[in-house]
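Everything below concerns the one structure shown next.
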Number of protein chains: 2
Amino acid sequence: MPKRADLSDTFCPVGRSAEILGDRAVLLILRDLFFGRRRFEAIAANTGLGPQLVSARLKLLVHEGVVERHAYQDRPLRHEYRLTAKGKDLFDVLYAMRNWAERWAYAPGETEGGPAMRYIHRACGADVGTSVVCPGCGEALHYGDLKGEPSAPLQAEQAARSGG
Amino acid sequence: MPKRADLSDTFCPVGRSAEILGDRAVLLILRDLFFGRRRFEAIAANTGLGPQLVSARLKLLVHEGVVERHAYQDRPLRHEYRLTAKGKDLFDVLYAMRNWAERWAYAPGETEGGPAMRYIHRACGADVGTSVVCPGCGEALHYGDLKGEPSAPLQAEQAARSGG
DNA sequence: TCTTGTCACTATGTTTATCATAGCTACAAT
DNA sequence: ATTGTAGCTATGATAAACATAGTGACAAGA
């Protein structure tokens, strides 16, 4: 990040969130972590970000208590990154971003009729569309309640990123 | 923004949102617009951002259809900035950011017991806390449904920014 | 008329972050 | 001994952010 005024001590809650979330790389890394990607190389490949940026942002997120670094094997020593409870609670933000984009960011027919990413409420099986409350059973939707299903174009894109 | 890979054509909805929202200045400007600040100088003063940054980001937001530039007087010609329908629909994202910060970003007692920014559901008068659904009447909360009341420390901070 | 003030910006130069590319370290497998 | 994998770090060019200053159009008061 460039030199900038520090707003981490503002009393505005949006300002405090913006200190962490107001960064493209952070948002893309969080998206991948929510998607289940935990390994450094997988995140770097899928986001298209350079390794120094991924490294710097993961360090920042660990420092902020949003992510934790965890050794998943000893020889050779390898680490993966996991969302903490504080990190998992960011789901609502990413989900709101997804909802907005599904409504506004695609040309007609670009995603072949349906959403780019479909979400199903695990508890009742309903397609939640782009709402914060399940249209089937009325429950508020949070981390863990939903099962995501990428559309065909999105699946193809992700496959191309990890393969090439 | 620095030189970066273009992700505006990704199929991932979070990626598309991140192209616009993954920027500290954009988030702060949107916050001020939601707060009712529509004039250039008011936004620049309250966010603490330099005028070129504010100018560049407002141009971007107008280009993206999130904000519209509107002349509010002729002599001298003066413009203000307003959220479009597409912009107002970003409320859910900013509200989710606020909710997260209220839960995780303050030291105990820092905001004197209550939230930094209290929200009241206009329809039923209930304090919504940090939920996406009104705890009083069960309705989903969106733009226009809520009345914000800044806490004393937040009010003092905003007064200092506009005054000094 | 001359000065002061307001609003919405634009211009300039320094500092700092990002990107692309390459390389490194530790180990496993062949 | 070579190749491969994972998780990074180093380097140099480019581009964006910051602080500071200045501009243009007008209004209001001395």
Side-chain angles (χ1 to χ4, degrees), chain A residues 1-8 15 18-29 32-33 37-63 67-82 161-164, chain B residues 1-8 15 18-29 32-33 37-63 67-82 161-164:
Chain A
M1 300 153 186
K3 189 174 60 170
R4 60 173 204 213
D6 183 34
L7 282 178
S8 57
E19 279 295 305
I20 298 170
L21 300 177
D23 182 277
R24 215 176 65 104
V26 164
L27 292 175
L28 295 177
I29 289 169
D32 275 27
L33 289 169
R37 273 181 275 266
R38 297 204 270 231
R39 297 206 323 275
F40 187 97
E41 287 294 316
I43 293 169
N46 188 257
T47 57
L49 302 169
Q52 333 89 305
L53 234 198
V54 176
S55 175
R57 291 302 184 274
L58 283 172
K59 278 192 182 107
L60 170 73
L61 292 171
V62 168
H63 179 76
V67 165
E68 61 186 5
R69 198 171 116 116
H70 179 86
Y72 67 88
Q73 68 177 34
D74 280 344
R75 33 189 64 240
L77 186 57
R78 292 279 186 273
H79 297 279
E80 65 178 18
Y81 295 88
R82 297 178 182 172
R161 281 184 193 281
S162 59
Chain B
M1 299 154 189
K3 188 176 60 169
R4 61 172 203 214
D6 182 33
L7 282 177
S8 57
E19 279 296 303
I20 299 169
L21 301 176
D23 183 277
R24 215 175 65 103
V26 163
L27 293 175
L28 295 177
I29 289 169
D32 275 27
L33 289 168
R37 272 180 277 265
R38 297 205 271 231
R39 298 205 325 274
F40 188 97
E41 287 294 314
I43 293 168
N46 189 257
T47 57
L49 302 169
Q52 333 90 306
L53 234 197
V54 176
S55 175
R57 290 302 184 273
L58 283 171
K59 277 194 182 106
L60 170 72
L61 291 171
V62 168
H63 179 76
V67 164
E68 62 186 5
R69 198 170 115 117
H70 180 83
Y72 67 89
Q73 67 176 33
D74 281 344
R75 35 188 65 241
L77 186 57
R78 292 276 187 274
H79 296 278
E80 65 179 18
Y81 295 89
R82 296 176 182 174
R161 283 184 191 281
S162 58

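In what follows, every chain begins at residue 1, and chains take the letters A, B, ... in the order their sequences are listed. These numbers come from a predicted model, not from an experiment. Reckoned from all heavy atoms, side chains included, excluding hydrogens, waters and symmetry mates.
A/His79 places its NE2 atom 11 Å from the P atom of D/dT9, with the value rounded to the nearest Å. Atom pair A/Glu80:CD and D/dT5:C1' shows a separation of 16 Å (rounding to whole Å applied). In this structure, the CG atom of B/Leu58 is 11 Å from the C1' atom of C/dC9, given to the nearest Å. The nearest whole Å value for the distance from the CG atom in B/Leu49 to the C1' atom in C/dA8 is 16 Å. When the P atom of C/dC9 is taken as reference, atom CZ of B/Arg57 falls 16 Å away, rounded to whole Å. Atom CD1 of A/Ile29 and atom P of C/dT18 are 11 Å apart (whole Å). Between the CG atom of A/Leu53 and the C1' atom of D/dT9 there is a distance of 14 Å, given to the nearest Å. If you take OH of A/Tyr72 and P of D/dT5, they are 13 Å apart, rounded to a whole angstrom.
For B/Asp23, the side-chain atoms get nearest to D/dA17 when compared with the rest of D/dA6, D/dA17, C/dT10.
Of the candidates B/Arg69, B/Arg38, B/Arg39, B/Glu80 forms a salt bridge (Lys or Arg N to Asp or Glu O under 4.0 Å) with just one, namely B/Arg38.
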Kindly give the atom pairs (protein nitrogen or oxygen, nucleotide nitrogen or oxygen) under 3.5 Å for nucleotides 1-3 of chain D.
none

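Atom NE2 of B/His79 is separated from atom CD of B/Gln73 by 10.0 Å, given to the nearest 0.5 angstrom. Expressed to the nearest 0.5 Å, how far NE2 of A/His70 lies from OH of A/Tyr72 amounts to 10.5 Å. Distance CG/A/Leu33 to CG/A/Leu58: 7.0 Å, rounded to 0.5 Å. The distance from atom CD1 of B/Ile29 to atom CG of B/Asn46, rounded to the nearest 0.5 Å, is 11.0 Å.
Contact record, B/Ala71 with B/Leu77: CB-CD1, 4.1 Å, taken as the closest heavy-atom pair. The two residues B/Leu28 and A/Ala18 make their nearest non-hydrogen contact at CD2-CB, 4.4 Å. Nearest heavy atoms, B/Arg57 versus B/Ala25: CG-CB, 3.9 Å. For the pair A/Leu27 and B/Gly22, the tightest heavy-atom approach, listed with the atom from each and the gap, is CD1-CA, 3.5 Å.
Formation of a donor-acceptor pair under 3.5 Å by the B/Thr47 side chain with backbone atoms of B/Ile43 is found in this model. The backbone N or O of B/Ser55 sits nowhere less than 3.5 Å from a side-chain atom of B/Gln52 that would complete a donor-acceptor pair.
Taking 4.0 angstrom as the limit, B/Lys59 places none of its side-chain polar atoms (N or O) nearer than this to OP1 or OP2 of C/dA8. Dashed line: the shortest gap from a side-chain N or O of A/Ser55 to OP1 or OP2 of D/dG7 is not under 4.0 Å. Between A/Tyr81 and D/dC8, a side-chain N or O to OP1/OP2 separation shorter than 4.0 Å is present.
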- Message: Treating primed atoms plus P, OP1 and OP2 as sugar-phosphate and everything else as base, which nucleotides of nucleotides 23-30 of chain D get B, S or - for protein heavy atoms under 4.0 Å?
- Response: --BSS---

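Using a 4.5 Å heavy-atom cutoff, the side chains of B/Leu61 and B/Ile20 are in contact.
Scanning residues 38-45 of chain B for heavy-atom distances under 4.0 Å to DNA chain D yields an empty list.
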